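Okay, so here's the structure we're looking at.
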Amino acid sequence: MKITVVGSGYVGLVTGTCLAEMGNHVLCLDVDPVKIATLQQGGIPIYEPGLEDMVKRNAAAGRLSFTTDVAESVAFGEIQFIAVGTPPDEDGSADLQYVLAAARNIALHMSEPKVVVDKSTVPVGTADKVKAQMAATLAERGVDIAFSVVSNPEFLKEGAAIDDFMRPDRIVLGVEDERAIELMRRLYAPFHRNHDRILVMDVRSAELTKYAANAMLATRISFMNELANLAESLGADIEQVRLGMGSDPRIGYHFLYPGAGYGGSCFPKDVKALVASGREQGHAMRVLNAVEEANEAQKRRLVDKLVKRFGEDLGGRHFALWGLAFKPNTDDMREASSRVIVAELTRRGATVAAFDPVAAVEAQRVMGDNPSLSFAPDMISALHGADALLIVTEWKMFRTPDFDAIKASLKQPVILDGRNMYDPAWLRELGFDYQAIGR
Ligand SMILES: NC(=O)c1ccc[n+]([C@@H]2O[C@H](COP(=O)([O-])OP(=O)(O)OC[C@H]3O[C@@H](n4cnc5c(N)ncnc54)[C@H](O)[C@@H]3O)[C@@H](O)[C@H]2O)c1
C-alpha cells in the first residue's frame, strides 16, 4: 500500500518506518525542515532503540522517504495518517490546531478519495472536527471527493516503540464505513498474524480508549507514590507491599513502581486533557485531579528529602544527578521530573552536575540556559565534590555501579534514589546514607 504519515516525530516516524518494514511504501511529511533534512541524509532526529537501522534499511530499499512538500505527500498515500502533536492548551485541553491544519492540508490538495487516520491522541469528537474541517475545505474548493476518517490511537511506549508497534497488544480502530475497515484490516494484518488483535469500535469509544488507558496507568503510579510516602512514615517497605499487592491477579505487578513522579509527552498532558473533557461535560473527574496533584508533589519529593537533610538554603551545596530523561531508553525530556528537581535545587542556591547516557543533548537544549547546571561526560565524574547523588532515571547502567568509586568521589556518602534501584540494607552496610522512595 502507499501510505503518507503527517508528522515525523516519535509516533509518526515509528509508524511510518514499521509500515515500510512490512513492505508498504511510505512517505513521511513534516513541517520542520531540519528534521526532514536530517532524515533525508540518513540520520534520525530522536533517540529510539533500533529505529535508526530500520529507517536506513527501508530508505535504502526505496520504501521510505521524507518530504516537507504537502502537495506531494497528499498525492502519495491512499491512507493519510495524522501523527502530529496535541500539546496542552492553556486550560489543559488538547490543542488541536496541528491536527486540524493537517486535515485542511489534505483536503486542500486531494484529487482522489482518501482514508484519513487520526493516530495522534485526540479528545472525543476530534474525528468529527477533522471531518467537518475537510468537508468545509473541499466545499471552498468547489469539489466533491469522498473521504473517511478513522480513529486509530497509538499505544507504543518510547524506548520500546518498535517492538510495541510490530507486536501490538491491541489495534484499536474507531471506524464507521466498511471500505475503511477493510483497508485498515489489510494494512495491519501482518502485525498480528498469531491471532486477531484488532478491536473495531465506534469512533468516540476509540478516542476515549486512549485517554482511559493512559489515565489508568497514571492513576496506578500516583496511587503507589502516595502509598510509598505513607509507608515511609509508618516504617513499612513499599517494595514488600508491592509484591504482596501485585500477586493478586486482579491487581497484577505492572505499573506499581513508586518513584520521583511520572513525566513524558503523554501521561501529564493526557490526564490534563481528560480532566478538561470532563469539565466541558460537567463531570468533575475527582480521581484524575488528585492523580495530577499527587504527581506534581511527587516530582518534588527528592528535593523535600534533600531539604530535610541539608536545610532550606542550599547555597554553596553541590549535587550530582544521574538521569535526565523522563524514563530510560529515550532522550525525551518533556515534563521530565529532572527539570523540576534541577530548577528547584538551583533556585535554592545549589549547583548541579548531571549525567544522562542519551538525553544530555536534549537536556542542554531545554535547560542549558541555567548557569548552575553542568553536564558531566560520565557517571563517575558527575560525582566529584558533590554533597549527595540524586538518581532520577532508572537507566540500566546505574543498576550495578562501582559503589567504592561513588563513595570516593562524593564529598559525603549520601544517595537519594528516586527510582528504588538498590537494596537499602546493603547500601547502609556499604556506609551510605541511602534514602529511596517508600522504603
Ligand atoms: N510519544 C509517545 O510516546 C506517544 C505515544 C502514543 C501517542 N502519542 C501521541 O501521538 C501524537 C504525536 O506525538 P509525538 O510524541 O510523536 O510528537 P512529536 O512532537 O515528536 O512529533 C510531532 C511532529 O509533527 C510535526 N507537525 C506539526 N504540525 C504538522 C503539520 N501540519 N504537518 C506536518 N507535520 C507537522 C512536528 O513538526 C513534529 O515533528 C501526540 O498526539 C501524542 O499524544 C505519543
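All ligand and atom numbering here is 1-based and tracks the order in the structure. Bear in mind the structure is a predicted one, so any value in this text is a computation, not a measurement. Numbering of residues begins at 1 and proceeds along the displayed sequence.
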| What do you reckon, are the aromatic ring centroids of Phe165 and Phe191 less than 6.0 Å apart? | yes

| request: Please report the C-alpha distance between Tyr10 and Leu156 in whole Å, then the side-chain angles of each, then the deciding distance to 0.1 Å, and finally whether the side chain to side chain contact (heavy atoms under 4.5 Å, CB included) criterion is met. | output: CA-CA 10 Å; Tyr10 284 88; Leu156 64 77; 5.7 Å; no

| Hey, are the side chains of Leu208 and Leu274 touching, using non-hydrogen atoms and a 4.5 Å cut-off? | yes

| task | Could you tell me whether Val11 and ligand 1 have an N or O pair separated by under 3.5 Å? | result | yes

| Looking only at distance, does Asp270 have an N or O less than 3.5 Å from an N or O of ligand 1? | no

| task | For ligand 1, find out whether one of its N or O atoms is nearer than 3.5 Å to an N or O atom of Asp30. | result | yes

| ligand 1 and Thr86, any nitrogen or oxygen pair closer than 3.5 angstrom? | yes

| remark: Taking only non-hydrogen atoms of Lys210 and a 4.0 Å limit, the atoms of ligand 1 in range are 6 (C)

| For the rings on Trp322 and Phe398, is their centre-to-centre separation under 6.0 Å? | yes

| said: With a 4.0 Å cut-off on N to O distance, would you call Glu362 and Arg365 a salt bridge? | reply: yes

| ligand 1 atoms in contact with Val6 (distance to a heavy atom under 4.0 Å) | 32 (N), 33 (C)

| Does Arg334 approach ligand 1 within less than 4.0 angstrom via side chain, backbone, both or neither, non-hydrogen atoms only? | side chain

| query | Judging by distance only, is a nitrogen or oxygen of Ser8 under 3.5 angstrom from one on ligand 1? | reply | no

| note | Tightest non-hydrogen contact, residues Lys56 and Gly42, listed as CE-O, 3.1 Å

| query | Can Glu176 and Arg204 be counted as an ion pair, charged N to O under 4.0 angstrom? | reply | no

| request: Using a strict cut-off of less than 4.0 Å between a Lys/Arg side-chain nitrogen and an Asp/Glu carboxylate oxygen, indicate whether Asp177 and Arg179 qualify as a salt bridge. | output: no

| field | Glu293, CD: over 12 other non-hydrogen atoms inside 6.0 angstrom | value | no

| note | Filtering Ala103, Pro33, Gly7 for the heavy atom nearest atom 24 (O) of ligand 1 leaves Gly7

| task | For Lys35, take its heavy atoms, then give the atoms of ligand 1 lying under 4.0 Å from any of them. | result | 38 (C), 39 (O)

| said: So, regarding Tyr10 and ligand 1 (criterion: nitrogen or oxygen to nitrogen or oxygen, under 3.5 Å), is there a contact or not? | reply: yes

| query | Going by heavy atoms, is Lys157 under 4.0 Å from ligand 1? | reply | no

| Are Lys2 and Phe76 in a cation-pi contact, defined as NZ or CZ under 6.0 Å from the six-membered ring centre and within 45° of the axis? | yes

| Atoms of ligand 1 close to Tyr98 [distance to a heavy atom under 4.0 angstrom, numbered from 1] | 28 (N)

| message | Within ligand 1, which atoms have a heavy atom of Gly85 less than 4.0 Å away? | response | 22 (C)

| said: Is the contact between Ser265 and ligand 1 made by the side chain, the backbone, both, or neither, using heavy atoms and a 4.0 Å cut-off? | reply: side chain

| query | Under 3.5 Å between some N or O of ligand 1 and some N or O of Asp32? | reply | no

| task | For ligand 1, indicate whether the residue Ala83 contacts it via side chain, backbone, both or neither (heavy-atom separation under 4.0 Å). | result | backbone

| field | Test of proximity, Lys269 against ligand 1: N or O pairs below 3.5 Å | value | yes

